[in-house]
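Reading through the structure tokens given below for one structure.
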Amino acid sequence: MPSSDYDPACLPDLLPLYYRRLFPFSQYYRWLNYGGVQKNYFQNREFSFTLKDDIYVRYQSFSTQIELEKEMQKMNPYKIDIGAIYSHRPNQHNTVKSGTFQALEKELVFDIDMTDYDDVRSCCSAADICSKCWTLMTIAIRILDRALREDFGFQHLLWVYSGRRGVHCWVCDEAARKLSVAARSAVAEYLSLVKGGEETVKKVVLTDPIHPFIRESLTVVENYFSQYALQGQEILSRKESVDKVLALFLHVRKELQQRFQNEKKPESRWKHVLDEASRKQSTAKKGQHFEKEIMLQYCYPRLDVNVSKGVNHLLKSPFSVHPKTGRISVPIDLTELDTFDPFAVPTISLICEELDRPRTGEEELEDTKEKENEMDAAERRKIRDFKRTSLAKYVKCFDRFLDGMARSWKGELLRKSGTL
């Protein structure tokens, strides 16, 4: 499909058009200003830009939406990262007395990267992804979204595709933004089950009684396990993969190897694993949960805990462009999560090309009206510009998220004014 072909060499020509006519600055500012509930919240936020040739510019900050727009249109960053809200304006951090420039608040964030699953996926490795292993991201979102909402009571979660091989979560509730490093660490640890590096063979160990959170997570995994692990990754089909599974549980390896000799179908082999687990559980004094440990090791979300722990940790911004793939980092609509296709996410080259399509009669009429009333015409034109492209549905998803947050801001503003 020529229209979506992306050439990284064209990025310097496409970015000025993207930031001038397509980047949703109005929604972006509405998000990071949080309704103006707290003074200087937007002004004290750190932005960092990665420019051409990997020039990295930290501690950028802006007084207004217009100032942010002008600077981004001037610098045309290849990548945008968002940092914390600081005690002082980040662009003045060098003028502040040493030790007083502190990161105070930031959204609680999670970063899930497909490369962390390389030991449990055979279809791809490193930065490559396909529809088979993308199921891991679907499972991760399902498990973490449920836990953050139901176990912790958070409401305003923004899930974003990174543009290449992973997903990010921004928990935007006021309570989440105010969490200390210790509290963030506690949440991240609560959500972490897969432990150990490359040298660790068995990365999930369950003990009795199994925590309700783990049981809820297993319910999610069970919905995808057959499709992802047994069929997609063939973990019980090829000898190398079978050996890898059996190496996790040496105490039942011999019995299962014998059973597998007469049974080649992966679903039937998995039934033997379940039968063996059931048999062991009925005779063992201590909990035997090896079938559950297999499911979690192969499917449970793998978090970069350090990203979540730090208040001052930077994370790639929504609507940033991935320089290698050209894909826009777009919000994910959870009502369509199972059909979300990372390869269908628009590239910067596609949406810039869509702008060149001939205007409809209705759009021509709107242009004439705007010329008669130049006030805010540029802003209205920009809104209509992205509506003419494949970016529109993702901005609409972002708008719905912001509308949900705005209802909580309204309540907070009323409380502060004493009306409520």
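- Using modelled atom types, one finds no donor on one side chain facing an acceptor on the other under 3.5 Å when comparing Q297 with E293.
- For the 3.5 Å distance criterion, the side chains of R89 and S63 qualify, holding a donor opposite an acceptor.
- With rounding to the nearest 0.5 Å, the separation of CZ in R21 from CG in D385 is 4.0 Å.
- Checked against a 6.0 Å centroid threshold, the rings of Y190 and F213 count as neighbours.
- Of the possible donor and acceptor atoms, one in the side chain of N44 sits under 3.5 Å from a partner among the backbone N and O of Y86.
- Side-chain N or O atoms of D113 include one that pairs as donor or acceptor with a backbone N or O of T115 at under 3.5 Å.
- Side-chain contact of Y59 with Q92: a donor-acceptor pair under 3.5 Å is absent, judged by distance alone.
- Of the charged side-chain nitrogens involved, at least one lies within less than 4.0 Å of a carboxylate oxygen, so that E107 and R45 count as a salt-bridged pair.
- Neither side chain, Q233 nor S241, offers a donor N or O lying under 3.5 Å from an acceptor on the other.
- Between D403 and R30, at least one side-chain nitrogen of the basic residue sits less than 4.0 Å from a carboxylate oxygen of the acidic one, meeting the salt-bridge criterion.
- Rounded to the nearest 0.5 Å, atoms OH (Y300) and CG (L144) are 6.0 Å apart.
- Separation of the W134 and Y161 ring centroids falls under the 6.0 Å cut-off.
- Under 4.0 Å is where a charged nitrogen must lie from a carboxylate oxygen, and between D338 and R142 at least one such pair does.
- Nearest approach of V109 to V307, heavy atoms of both residues: CG2-O, 3.7 Å.
- Considering all non-hydrogen atoms of both residues, L191 and F152 come closest at CD2-CE1, 4.5 Å.
- The cationic atom of R121 (NZ for Lys, CZ for Arg) does not lie both less than 6.0 Å from the six-membered ring centre of Y228 and within 45° of the ring axis.
- From L157, atom CG reaches atom CZ of R149 across 4.5 Å, with rounding to the nearest 0.5 Å.
- Side-chain N/O atoms of R165 and Y117 include no donor and acceptor closer than 3.5 Å.
- Under 3.5 Å, the side chains of S48 and Q60 contain no donor-acceptor pair of N or O atoms.
- The existence of a salt bridge linking D151 and R146 is confirmed by a sub-4.0 Å separation between a basic side-chain nitrogen and an acidic carboxylate oxygen.
- For the pair Q27 and L402, the tightest heavy-atom approach, listed with the atom from each and the gap, is O-CD1, 3.4 Å.
- Side-chain atoms of S61 come within 3.5 Å of backbone N or O of N91 as a donor-acceptor pair.
- Minimum heavy-atom separation, P301 to A140: CG-CA, 3.6 Å.
- Using a cut-off of 4.0 Å between Lys/Arg side-chain N and Asp/Glu carboxylate O, K203 and D119 are scored as salt-bridged.
- With salt bridges taken as basic N to acidic carboxylate O contacts below 4.0 Å, none links K316 and D111.
- At distances below 3.5 Å, not a single donor-acceptor pair connects side-chain atoms of K79 with backbone N or O atoms of V321.
- At a cut-off of 3.5 Å, with distance as the only test, a side-chain donor of R238 or S122 sits close to an acceptor on the other residue.
- By the 30° and 60° cut-offs, the orientation of the rings of F398 relative to F319 is tilted.
- Here the closest heavy-atom approach between residue M405 and residue C172 is recorded as SD-CB, 3.6 Å.
- Atom NE2 of residue H168 and atom CG of residue L158 lie 11.5 Å apart, to the nearest 0.5 angstrom.
- With Y28 as the fixed residue, the ring-ring contact (aromatic ring centres under 6.0 Å, His included) test singles out one of F386, Y19, F23: F23.
- Side chain of R327 to main chain of H322: no donor-acceptor pair is present (N/O by atom type, distance under 3.5 Å, no hydrogens or angles).
- In this pair, H88 and F101 present their aromatic rings tilted. The plane angle is within the 30 to 60° band.
- Nearest heavy-atom pair across L218 and M295 is CD2-CB, 4.4 Å.
- A salt bridge is absent between E354 and R388: the closest approach of a Lys/Arg side-chain nitrogen to an acidic carboxylate oxygen does not fall below 4.0 angstrom.
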